[in-house]
Amino acid sequence: SQQGEEDPQALSIQEGENATMNCSYKTSINNLQWYRQNSGRGLVHLILIRSNEREKHSGRLRVTLDTSKKSSSLLITASRAADTASYFCATPPGGYNKLIFGAGTRLAVHP
Amino acid sequence: DTGVSQNPRHKITKRGQNVTFRCDPISEHNRLYWYRQTLGQGPEFLTYFQNEAQLEKSRLLSDRFSAERPKGSFSTLEIQRTEQGDSAMYLCASSPPDVGTSYGYTFGSGTRLTVV
């Protein structure tokens, strides 16, 4: 079964708008990671947030983590058509041995 | 060393045939992972190597699946007697020893398997 669940499953916005994706997970974690996948390609690591961090920024990306609610959010500001992709959250439950991925949010950014 | 390399990129095979995929990880990475991804879903964990040792296998990895990593370098994933349900993208990823603290996984572009 999936450890993480993203919400919404699909998101369609216009260029310049912000996109927010949410992720909920089930077990205690040491960190949470977000990945992007362009159609038919491998995944690209975007950002990692540790369990003792509440917010992290990387360029136009902002990630929050609420361990009390077992949830995380990914905000992409000033979106571009090139941001069109699927976004996945992933966690290493029980340690660092493997990542478990959610089903992803499919983001479409229209010019 | 520019990243994780997977070959072939695409494989079409007839049901019942055996197929083998190869993954070349980043040379400094001692951990190697195999995932399977079907359309519209997230990657599902299959198996994990640390150096040449296969440390964990998912229940998804039936007896028809076998993975090896001789000498702790490249890895192969073999599927015997393929079934139509094996059609998926097979992804390989690698990570350095301190994954989870400062690094994420580096994924290859995947091998798309179609069983006809």
Side-chain angles (χ1 to χ4, degrees), chain A residues 1-10 21 23-25 28-53 56 58 61 63 72 74 85-108, chain B residues 2-7 9-10 21 23 25-26 29-50 53-61 88-114:
Chain A
S1 63
Q2 302 284 2
Q3 156 77 330
E5 294 183 3
E6 287 90 343
D7 171 61
Q9 290 185 331
M21 289 158 267
C23 168
S24 60
Y25 57 92
S28 297
I29 59 171
N30 295 302
N31 68 79
L32 184 142
Q33 303 178 29
W34 285 91
Y35 288 78
R36 182 186 73 208
Q37 184 179 36
N38 290 87
S39 181
R41 307 291 294 182
L43 284 76
V44 175
H45 180 254
L46 294 177
I47 196 166
L48 179 153
I49 186 167
R50 300 187 185 92
S51 58
N52 62 352
E53 297 175 311
K56 200 163 183 179
S58 177
L61 305 181
V63 170
S72 173
L74 171 67
S86 292
Y87 292 82
F88 298 91
C89 68
T91 55
Y96 304 133
N97 288 343
K98 64 188 180 191
L99 286 178
I100 304 298
F101 289 81
T105 292
R106 280 156 286 288
L107 173 66
Chain B
T2 57
V4 177
S5 176
Q6 289 189 248
N7 288 288
R9 288 293 314 278
H10 303 274
F21 311 139
C23 172
I26 293 174
H29 290 183
N30 70 337
R31 297 184 180 192
L32 186 147
Y33 309 82
W34 285 99
Y35 285 79
R36 181 174 69 186
Q37 186 179 27
T38 53
L39 199 62
Q41 298 298 313
E44 295 176 296
F45 171 78
L46 292 179
T47 190
Y48 148 62
F49 290 86
Q50 181 165 304
Q54 188 174 18
L55 297 186
E56 189 171 348
K57 291 171 60 174
S58 164
R59 284 172 294 180
L60 292 174
L61 218 62
M89 174 79 87
Y90 289 85
L91 294 162
C92 176
S94 69
S95 67
D98 59 347
V99 67
T101 56
S102 303
Y103 298 94
Y105 289 3
T106 301
F107 278 86
S109 295
T111 293
R112 181 167 295 284
L113 173 66
T114 302

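A note on names: the letters A, B, ... follow the listed sequences, proteins ahead of strands, and every chain is numbered from 1.
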query = With B/Tyr90, which residues qualify under ring pair (Phe, Tyr, Trp, His ring centres under 6.0 Å), at least two apart?
reply =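 Expected list: B/Phe21.
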
query = Is the ring centre of A/Phe101 less than 6.0 Å from the ring centre of B/Phe45?
reply =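 That pair fails the under 6.0 Å test.
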
task = Might you confirm whether atom CD of A/Glu53 has over 12 heavy atoms from other residues, nucleotides or ligands at distances under 6.0 Å?
result = yes

ask   = So which of B/Ala93, B/Ser109, B/Gly110 has the biggest tally of heavy-atom pairs under 4.5 Å with chain A?
value = B/Ser109

ask   = Can you find a heavy atom in the side chain of B/Pro43 that is under 4.5 Å from one in the side chain of A/Phe88?
value =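 Yes - at least one pair of side-chain heavy atoms lies under 4.5 Å apart.
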
task = Taking B/Tyr105 for its side chain and A/Leu43 for its backbone only, find out whether a donor-acceptor pair lies under 3.5 Å.
result =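 Not at all, since once roles are kept as given, no pair shorter than 3.5 Å links the two residues.
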
message = I'd like to know if the side chain of B/Tyr35 and the backbone of A/Ile100 have a donor-acceptor N/O pair within less than 3.5 Å.
response =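 Absent.
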
remark   = Sorted by chain and number, sequence neighbours left out, side chain to side chain donor-acceptor pair (under 3.5 Å) with A/Gln37 holds for B/Gln37

ask   = Nearest 0.5 Å, what's the NZ-OG distance between A/Lys98 and B/Ser95?
value = 14.0 Å

